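Let me begin by presenting the structure, written as structure tokens, before commenting on it.
Each chain gets a letter, A, B and so on, in the order its sequence line appears, and its residues count up from 1. Everything quoted here is computed from the prediction, not taken from an experiment.
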Amino acid sequence: MDFSYTILIPLIPLALFVILGLFSKKIPASISGWLGSLGLGTSIALSLYTAYHYFMDGKLEGVYQTFVYKQTWLIFTDKLHIDLGVLIDPISVMMMVVVTTISFMVHLYSRGYMHGDDGYTRFFAYLALFSFSMLGLVLATNLFQMYIFWELVGASSFLLIGYYYTKPSAVAAAKKAFIVTRFADLGFLIGILLISYYTGTFDFKDLTSLDGMLIAGWGASASFMGLSVFTWGLILIYMGGVGKSAMLPFHIWLPDAMEGPTPVSALIHAATMVVAGVYLVARLFPAYYFVEDGFALQVVAYVGAISSLVAALIAVTQTDIKRVLAFSTMSQIGYMMLALGVSKYEGHEGLGYMASMFHLFTHAMFKALLFLGAGSVIHAVHSNYMQDMGGLRKYMPVTHITFLIAALSIAGFPGFAGFFSKDEILVAAFESNKLIYYSSVLVAGLTAFYMFRLYFNIFWGEDRKYKHTPHESPLSMTIPLVFLAFMSIFAGYIPFSQFVTADLMPFEAHLNLPLAAIASSVGIIGIIIAFIFYKKPSDLPERFANAFGFIYKWIYNKLYFDELYIFVTKKILFGVVAFSASWFDKNVVDSSMIGIGNVTVSVSNKIKGMQSGKLQDYAMSFVGGIVVIAMVVFYIWIN
Amino acid sequence: MDILSLFVIVPILIVLALTFFAKDLKQARLISVVGMGIQFAMSINLIFAYIKERAVNTNIMVFTKDVVWYETFNIHYSIGVDAISVVMIALTAVVLLAGVFISWKIDDLPKEFFISLIALSSGVFGFFISTDLFTMFVFYEIAVIPMYLLIGIWGSGPKENSAMKLTLMLMGASAVLSVGILGIYFNSNADGGPLTFNIFEIAQVNIPVAAQNIFYPLTFIGFAVIGALFPFHTWSPSGHASAPTAVSMLHAGVLMKLGGYGVFRIAMYLLPVGALNWSDFFLVLSAFGVIYGAFAAIMQKDLKYVNAYASVSHLSLVLFALLMFNRTAWTGAIIQSLSHGLLTAMFFALIGMVYGRTHTREIEKLGGIMKILPFIGAIYVITGLAYLGLPGFSGFVAEMTIFVGAFQHPDLFHRILTIVVVSSIVVTSVYILRMVGKIMMGPLSNEEYKDLPKATWFEKTGLILLLIPVIMIGVLPLGLSEMLKESIQPFLERLL
Amino acid sequence: MNLESFLLMRSEIGLLAILLLLIILEIFSNKKQKAAVIPFALILLAINTVLGFLPLESGELFGGMFRTNALLYFFKTTLSLGVLILLLQSADWLKEKVVDENKATEFFILIISSLLGTYFMISAGDFLMFYIGLELTTLPVAALVAYDTYKRISAEGAVKYILSSALASGAALFGISLLYATTGTIYFESMAEILASSNLAILGFIFFFSGLAFKISLAPFHFWTADVYEGAPINVASYLSVISKGAAVVILMILLFTVFKPLMPVWNKIIYIVIIATMFIGNLFAIRQQNLKRFLAYSSIAQAGFILLGLMSVDQLGTTTIVYFVAVYIFSNLGAFGVVQAVSSASDKENINDYEGLYRTNPKLSLLMMLALFSLAGIPPLAGFFGKFFLYTAAASQGYYILVFIAVVNATISLYYYLLVVRAMFLRQSDQAIPYFKSPFYMRLGLILAAIGILVAGVYSPLYDYIFSISNTFLN
Amino acid sequence: MERIIFYILAAVIILFAVASVTSRKILRAVIYLLFVLIGIAGLYFLVDYNFLAAIQLTVYGGGIIVLFIFAVMLIHHVELVLEKTALKKKLIAGALSASGLAVTLWAISTYPFPETSATAYSSIEVADIGRILLSYEDGGFILPFEVISVLLVAVMIGSIVIAKGRKLVADGSPKTEDGSEKLTENK
Amino acid sequence: MIAGISIYEILTLSSILFFIGIYGFFTRDNLITVLMAVELILNASAVNFVLINTYLYPDLLQGAVFSIFIIALAAAETALAIAIIINLYRIIYSVEVKDTEIMKY
């Protein structure tokens, strides 16, 4: 079977980017939107075809095969070289579909949303760049290729967040996103260096092969602080994932990233880029699982669980709807992480892995939908804040319905996509770690609560004083909504375990009814509470918030993470390290160099008296010179 | 006339043409552009000629030529190139041509400006083609001294002091270097045979270890000062800040590369034992320089200072990589030299354009320029991203090659230092984004900036000239890196 | 001894002939005709210089009192060329003397007799000839220092010069007498055979050395230099700094390498210390100078320190390098002094400050000045670089790396003050810049010759190789 | 006998030399110098070098001393009394001279001069001197003899040029005034 | 050859004379007296030459002839020096050493 044509899937957006980027001034807005959508349309068609092709025929003796097409790009040493290419296996195909789908939807949507914007063409160029980078990341054949596209994704995210570059907050957010993720990527890079040093390869195939150097040989490697260096390497690589996926403690950039245009948030910060961390762990899953008995994987699980819980809590308190969604995203990605973390490898044991990917898939659909819906709302009312919204269901029926579907889906309402994927995660957690399971259930409830808090606040309640009457968005924006709503319902019925598994062998997954019941009831309780609190305006939420007092405040302020970071960066890194470096440079290093010159000049001034202008002084020094030289010489001579 | 000597002779001819025929600015820049254009074409030609020649010629150096100069001292005018010199020559030609374009509108003493610039270039070219220590040293000093006039006459701010500091520190370093060179020379007959300045003849000799230990640091420091080795880098920030745009470009882009090149080709190649014995000491210095330069750059208020400290950081990385003693790191070091040369030249060009329009370089006073000057803004952002090592640009290739190479060092201490150095990429992104974010993005800081003139065609030409190789290296690095690796082989054989 | 052997003294006889012709001219010409004395003398000297390029045998005359060989002969020609350039540069100044004071011919007579003195000094085969040559070099110049008889500083400089040099030559003479006491001969060759290391011989050597060190202006025997240069007319200062210093260096080298070779362990150390002291003193004083003549005086002191580096290598390399450097140094210094002279005669300004903005009014002069200063500082591709580098090489060839290191540090310091002048000319702009002026023909010719020397003497390696090929003649 | 004469002469030379460099009356100093020179001539007589002694007396006594006296009289009136030299200067100068002398004497005293035998010694005849002075063979001094004549001419011309009266410029005001005025400020 | 007097005594005498001259050079306030001190210095050397010649190397007359030249040179030097001093006197009406200090540093 030949999948080499898949290389076109990322290359089409690249071509788009080059064309739109180089000629952004020349191409009229109307054309560039269509051009972008068309390009992505081709990509999605290709990737769907690939998916079909692969999942139908990609098996050999019941195991999904991995296809690799690559070209050497840069050679470091005899063993280490960077290849660029495509790697076709279940998760990459699945991700490819997700990325092209969402990207295509966002392209379509943006044609309406960005209408009339100055940098319309530029926007589409960035989108194309992002799609290219993300696809390159997804299809990476080795760690370094992934790192390359990882960075590119970061950069396009920077460009897109900072799209409204005249807005200081957008610039700050873009910078923050870039720098925070870059700091995390530092870990990624060092991890790559560590792993590649000991294994002599970047290649995913070698790294995840069960008898490869990494998995088979970790026990023999050196250890550091009680852990194998391989474990350290994996943890460091995971640090990159933590950064990109906005897990604790590198999550702080994600809420701010909402400064970007809303379609961007849907594409990057909900559906695709932020799951890169999940994808990274999934990509290296055998390594995480087998090295040092899965210690690194446990780290993944706990980071995921904690992030998911913390994010859910914070989401409850936020009033900016995009921020609510951002924290929700973080929480859901935590879910995926923890699912991976609790997963095992073989057969049905690998349920968590499957669940994680499944959730990734469904989440992409409904979260994109939520964002696009939110975008539609924002587009209508020109505000991000809940207090500026209310009763919009009358004005925006399509948005309202699709938003509701998405909310139900994310809340895990039975029958919707989210229900199925979330259930699998809970089952996996239940089977392996009870603590994580309970926290996940709690998160499920919280999720339902804050989603419906959002929903009721926006679409129910009283009308606010709108500057002009809100109206439904144009067709170009609603069509993607409808499509995604469709997906948010029916994606759940895809038999994912047939396609995506840890050991590449399909297995039968069944709904675990008791656990599903618990989860959905918790979700429904959340919805009901939200209904009570927010269906009609009341002072209940306020009283509730007051009852929790400083805890509420603490959570509302996102646990003061931002402040902590600002303290560390501004006060310590800038204020102390950077300041002292530049002070030291100016006052010690430079001064000492100048000082050498000054000393020379001042010595020169000090000794000017030697040249007294007196003839007899000169004579004395003349004779003195003779006498001194003679004495010195004789002194040496006598000895 | 052979293909290499032309690189020295053409600039001299241009200087003469300028001296005698240029009457005003127009003629001066016409002659310069044509001359530098020829030079540029020659350098492109050289690359292809080199590839062709390399296929049939396995000597270390190709296009060699040897003319006895000072018979008494066995000084020869001997030239030749390997891949390292070829790419450096190409870099020089590109930056020079771009520099001439950027200096299109120099108003004060234009003829003299171009003369100094081009005289300097003949030194640089000569330096890169020499395979004789003495000749190389001569060209090195020729390259350094016009700097004084270039900064002193056409600079800005405290130009006189900066120019003086720069010249004295660099010439002081070259003075130290001359002692090192003499030390090498007088030990070049250790195995019998005549004293020689020829690099490859010396490389056949086992210089006594005691001598290597003494002369290696002298030679190293002599070259490394111009490569911005901490703590001898302080000439660089003030010098760059005061220099006119094209000069900053040329200096940071090309001249500072002489340091790394010299360290590699002379100090390390000729004194391998000394290099090994001293490596830890200089390694720590250069690693410190990487981090230190990056942090110092964060706090700078003047755009050029930011870039100057960034150069300190990036060039310390070159030295760091050179001291890692393996092929990959060395390849990385050379690519880093190239990449930094192009990128920093772009940065200085851009800063010059912004300064030329707004008459300020203070970060605090600038803001939102992108809105007014979209082309400059876009290139600025691209340059910034490339500078902080974004894939697809040369910086990434260079840094990654260095990091991967350095991390292959079998010694744990070296690997730990590598990790420390790697972390500089975060600091780099901090200062780059801070700078880009502040001056290009955000609201317009000053209403007066609304009517700033757009980028002119020659400015665009200059920038694009530099950008093309940056992207070419970034996208397709394999050919370059393989070409360099081949030329690194002799170093490998001698040092390890 | 036959008549043909007098050909060995060709250069001396030539100068003597010029002297006589000038005296005759002075006696038999009226005031108007005296203006012709300048071109006349210049042409004569030029002929003598050109004749110097003809090859000459080496040999001895007068029982070894006069010896010559290719190297000495070459050096004499170089000195002659130097004087020619110097006279060209002073022709303008001299015209004034002819008009106002009727003193041009005397100037030529004095300077040529002093040149003759240097010839005899370096060709000397015994201490008596050496001593007379030394005095003949010194005394006419003393008169020349006071040549501007109405200037107080000239008079003062002359007094300092004549008295100091009397002291110095007295000391040298005393040293010679002590050396005579230990060896019983005043002939170089015999003394070289007999001289053995002893306290008295060393003391004699030190006294003797101080006399030459005075001429070369080595610390601590250098104090007269600055005052005398400042007081003297520029061309006389120029003469002192290039011709008489260069000749003294060469004879010092010859004596050290031949006669005093047995004392080498001693004089090596002395020279070592003296080099360091001289370079530092010269440089540290030069930094603060405002008056260009004084500035160049200190610079020439520092240069003297550099020259001595060549003495550290007691072989052909050292010899060649010293002769070569002196030749190069003559060109460089004449270039610098020439510009000072040109500017001074056009505007009467001699301070560095006055040179501000000079490039914009007089670009060619400034350029030459820069070349000359860069050559002195040792910047390639100018001649001075090669000279200096070879001096380092000579010292390093004997393993004196520390000394070379100190020297290069000093070279950097010296670059600083040379750049101060460049800064004034090129970097600064001034409203009171010296206005444009066109130098007279002779001056331009002199400057161009110096410039050619600066530009060519380094890059054109056969010069050095030629000196090398002839410099073994006196060591063996 | 000769020994005593020598000591007397030595005493005369040293005493008058000291007197000559310390006397505050300038003309007296010149006369003391004359005595020193005469004493030295006496030494020459002692070793039978009469020719040189004669030259010493004529050139020095007859030439140089007279020159000095003329100079003194040209510049000052005869009875000029010099200022007292500062003690500090005297002390430094004395110490320096004394240490120089000490070093010199030490070096001389440590040198093993060969014992001289009176037999080898013969008095220096004027004829020998003359022959040597004009001989161009080995050991002849014709060349210095000639060269010194050039020197004397040059010095003579030099002295004349300097001593020659200044020409006045057309308007009659000597250049000296502004020349020296201006330059005195020029420190 | 002076009976009973060794070369050491001769050299001692001339050295003393030499350093008296040096001392005079250092201390005299008047240029003419300084010049006189120089004469002492030169005479010390001349004495040396003559007496060393007669004491140690009497078979050749090098020292003796040398001293003749010394005297001649001393005369020339003195003449020139006096001319220069008088020239100075005509400008500043002083021959004091302390008046020749305007050039310094």
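Contact of B/Leu168 with chain A is not made at all, since no heavy-atom distance falls under 4.5 Å. Both the backbone and the side chain of B/Met400 come within contact range of chain A, with heavy atoms under 4.5 Å apart. Using a 4.5 Å cut-off between heavy atoms, B/Ile425 contacts chain A through both its backbone and its side chain. Contact of A/Leu74 with chain B is made through backbone and side chain together, with heavy-atom distances under 4.5 Å. In this structure, the portion of B/Phe396 lying under 4.5 Å from any heavy atom of chain A is its side chain and not its backbone. For A/Leu84, no part lies under 4.5 angstrom from a heavy atom of chain B. If you measure heavy-atom distances from B/Val427 to chain A, you find no contacts under 4.5 Å at all.
Note that the CZ atom of B/Phe295 and the CZ atom of A/Phe579 stand 14.5 Å from one another [nearest 0.5 Å].
Contact count versus chain A (heavy atoms, under 4.5 Å) is highest, among B/Pro477, B/Ala329, B/Pro443, for B/Pro477. Note: B/Leu388 leads B/Leu385, B/Leu388, B/Val381 in heavy-atom pairs under 4.5 Å with chain A.
Of all heavy-atom pairs between A/Ala155 and B/Leu390, the closest is CB-CD1, 3.3 Å. Of all heavy-atom pairs between A/Val589 and B/Pro231, the closest is CG1-O, 3.2 Å.
For the side-chain contact (heavy atoms from CB on, under 4.5 Å) test, residues two or more places apart in sequence or in another chain that qualify with B/Ile372 are B/Leu444, B/Leu452. When the ring pair (Phe, Tyr, Trp, His ring centres under 6.0 Å) test is applied to A/Phe149, the partners found at least two apart in sequence or on another chain are A/Phe132.
At a heavy-atom cut-off of under 4.5 Å, chain B is reached by A/Leu186, A/Leu189, A/Ile190, A/Leu193, A/Leu194 from residues 186-194 of chain A, listed in order of number.
Atom CZ of B/Phe413 has more than 12 neighbouring heavy atoms from other residues, nucleotides or ligands inside a 6.0 Å radius.
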Could you show, one pair per line, the donor-acceptor contacts under 3.5 Å between chain A and chain B?
from: A/Trp73; atom 1: NE1; to: B/Val475; atom 2: O; distance (Å): 2.5
from: A/Ile75; atom 1: O; to: B/Lys485; atom 2: NZ; distance (Å): 2.3
from: A/Phe76; atom 1: O; to: B/Thr328; atom 2: OG1; distance (Å): 2.8
from: A/Phe76; atom 1: O; to: B/Lys485; atom 2: NZ; distance (Å): 3.2
from: A/Tyr165; atom 1: O; to: B/Gly442; atom 2: N; distance (Å): 2.5
from: A/Arg182; atom 1: NE; to: B/Ile425; atom 2: O; distance (Å): 3.4
from: A/Arg182; atom 1: NH2; to: B/Leu388; atom 2: O; distance (Å): 2.4
from: A/Tyr197; atom 1: OH; to: B/Arg415; atom 2: NH1; distance (Å): 2.8
from: A/Asp585; atom 1: N; to: B/Tyr292; atom 2: OH; distance (Å): 3.2
from: A/Asp585; atom 1: OD1; to: B/His233; atom 2: NE2; distance (Å): 2.4
from: A/Asp585; atom 1: OD1; to: B/Tyr292; atom 2: OH; distance (Å): 2.6
from: A/Asp585; atom 1: OD2; to: B/Tyr309; atom 2: OH; distance (Å): 2.1
from: A/Asp590; atom 1: OD1; to: B/Lys165; atom 2: NZ; distance (Å): 2.7
from: A/Asp590; atom 1: OD1; to: B/Thr234; atom 2: OG1; distance (Å): 3.4
from: A/Asp590; atom 1: OD2; to: B/Lys165; atom 2: NZ; distance (Å): 3.0

